[in-house]
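For clarity, every value in this text was computed on a predicted model and none was experimentally measured. Note on naming: letters A, B, ... go to the chains in the order of the sequence lines (proteins, then strands), and numbering restarts at 1 for each one.
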Number of protein chains: 2
Amino acid sequence: MADNQKILDPQKCMEIGRSCACYNLRRAARATTRLYDDCLKPSGLRTTQYSVLMAAKLRGPITLTKLAQITVTERTTLTRNLTVLEKKGLVLIEAGKDRRERRVSITEQGEEALIAAIPLWEAAQAHIEQGLGRQRVGALLGDLSAIISISRTPSCPPWRPGKP
Amino acid sequence: MADNQKILDPQKCMEIGRSCACYNLRRAARATTRLYDDCLKPSGLRTTQYSVLMAAKLRGPITLTKLAQITVTERTTLTRNLTVLEKKGLVLIEAGKDRRERRVSITEQGEEALIAAIPLWEAAQAHIEQGLGRQRVGALLGDLSAIISISRTPSCPPWRPGKP
DNA sequence: AAGAATTATGTGTATACGCATACAGAGTTG
DNA sequence: CAACTCTGTATGCGTATACACATAATTCTT
C-alpha cells in the first residue's frame, strides 16, 4: 500500500472526514456550545464563563496554572478569559504569598450569577440527557475523560519534535 | 426540593462540573485540537483548516451556507476561516449562477497540502485509536453525531425566546 | 412590473483559543 | 551574593467562534 499517493482517493477522504476524532469533537462542541449559550443567555453568562466560574467556586482560591490544567485550557487563554470575568466583578484575582502567583476566587456577585445560571444550565443539560439518554451521556463523559488523558500523552513521536 | 436556593451547594456544583456535556466536550475538543495541530504542524495546516479543506475537497464546489451546515460552523465564522485558506491559495471562492452565492472549491495547491497532511493526520488519529480502542472511538463518533442533532433541535422552549 | 418577502452573504464587535516570546520572582549553586 | 535555572504570568500575534446588523440578489405577490 503506497502511503504517499499523488492523487487523493475520494473514498479515503470520505472515511477520514467521517472518522476524524478531532473534527467531530469540535463540531459537537460547537453545536452544544450554541445550545448551552442560548439557554444561559438570560444569566448574561456564556458557557465558557459559566464553566470557569464554577471551577473557581469549587477549587476556591487557586492559581492560574492549576486552574488551566483542570479546565484543559492554555494558561494564556485562561488569563484573558478571567479578565472578562474580573471586569464583570465575578471573580477576584490577587497575588499569593509567592508573588509570582495569581490566585483566583469567586466573588459574592459571582456566586449570585451562578445561582441564577444553574436552572438555565439544567434545562440545557436535560435537553441533552433526554435526547441521548442518561446512560449514553454517562458513557460519553467517560470517553471524553479518556480522550483528554490520551491527547495529553505525548506519543506520536516523529511528529512531535519538542525542544532540541 | 427548592430549586432557587440562595446558597450554592458544593456537592451539587461538583456534580454539575463533572456531568456537564458542553464543558467536557469543549475540554476534549481543546485537548485533541492540540494533539492534531501538533501532528499537523509540518504541513502548515491547523486542524480547522485541514477539516475545511477536506470538506471542500469532498463536496466539490459548494456554497458557503451548505458548507457551514456540514461543518456545524456559523456562516460568518466559515467566511473568515475560508479567507485564511484563500490567502494561502488552497481554496477558490467564486460567484455562482445565482450571484449571491459564493462557491468554494479546493485548488491544486490545496490538494497537495492535503496529500502532505494526511499521513500526519493518520498519526494523530492512530494515537487516539490506540489509546481508546477502535470500538470505543466508533461509539464515541456515533454519540457525537447524535449530540449534534440533538443540540440543533430547538427544544428547551422557555429559554429560547426566538423572535417576537 | 413595483413592492414585499426570502435567501446568501459580508462587517462590526466581542469573546475564545493557543504558540512564541518576554519578564519577574523564587530557588540553587558557585 | 552573583549568576543560573526554574517557575508563574503576561503580551503580541494570528486564528477561531458567533451574534447583531447591514447589504445585495432572487423570488414571490399583487
What is the distance, to the nearest angstrom, from the [atom1] atom on [X] to the [atom2] atom on [N]?
| X | N | atom1 | atom2 | value |
| --- | --- | --- | --- | --- |
| B/K66 | C/dT7 | NZ | C1' | 12 Å |
| A/I93 | D/dT9 | CD1 | P | 10 Å |
| A/K87 | C/dA14 | NZ | C1' | 10 Å |
| A/L82 | D/dT9 | CG | P | 11 Å |
| B/L40 | D/dT15 | CG | P | 16 Å |
| B/L35 | C/dC17 | CG | P | 18 Å |
| A/Y36 | D/dC19 | OH | P | 16 Å |
| A/E74 | D/dT9 | CD | P | 13 Å |

If you compare every side-chain N and O of [X] against the phosphate oxygens of [N] (OP1, OP2), does one of them come in below 4.0 Å?
| X | N | value |
| --- | --- | --- |
| A/R75 | C/dG18 | no |
| B/T79 | C/dG10 | yes |
| A/T63 | D/dG8 | no |
| B/N81 | D/dT15 | no |
| B/R100 | C/dT7 | no |
| A/R30 | D/dT17 | yes |
| B/R26 | C/dC17 | yes |
| A/K41 | D/dA18 | no |
| A/R80 | C/dT15 | no |

**Request:** May I ask you to decide whether A/E122 forms a salt bridge with B/K12, counting only side-chain N to carboxylate O separations under 4.0 Å?
**Result:** yes
**Asked** Base, sugar-phosphate, or nothing: which does A/T33 touch, judged by heavy atoms less than 4.0 Å apart?
**Response** nothing
**Complete:** Assign each of A/R102 and A/A31 the nucleotide of DNA chain D bearing its closest heavy atom; nearer the 5' end lies the nucleotide of A/R102
Nearest 0.5 Å, please: how far is [atom2] in [Y] from [atom1] in [X]?
| X | Y | atom1 | atom2 | answer |
| --- | --- | --- | --- | --- |
| B/L25 | A/N24 | CG | CG | 11.5 Å |
| B/Y50 | A/C22 | OH | SG | 10.5 Å |
| B/L78 | B/I70 | CG | CD1 | 10.0 Å |
| A/T79 | A/L64 | OG1 | CG | 4.5 Å |

**5' priority, DNA chain C, between A/D98 and A/Q49 [closest heavy atom]** = A/Q49
**Message:** Both A/T77 and A/R46 contact DNA chain C. Which one's nearest nucleotide lies toward the 5' end?
**Reply:** A/R46
Identify which nucleotide among [options] has an atom closest to any side-chain atom of [X], counting heavy atoms from C-beta outward.
| X | options | value |
| --- | --- | --- |
| A/E101 | D/dT15, C/dT9, D/dT9 | D/dT9 |
| B/R99 | D/dA18, D/dT26, C/dG10 | D/dT26 |
| B/L64 | C/dG25, D/dG12, C/dT9 | C/dT9 |

**Any N/O donor-acceptor pair, B/T76 side-chain to D/dC19 base, under 3.5 Å** = yes
**Message:** Whether the side chain of A/R30 engages the backbone of B/T71 through a donor-acceptor N/O pair (distance < 3.5 Å, no angle test) should be reported.
**Reply:** yes
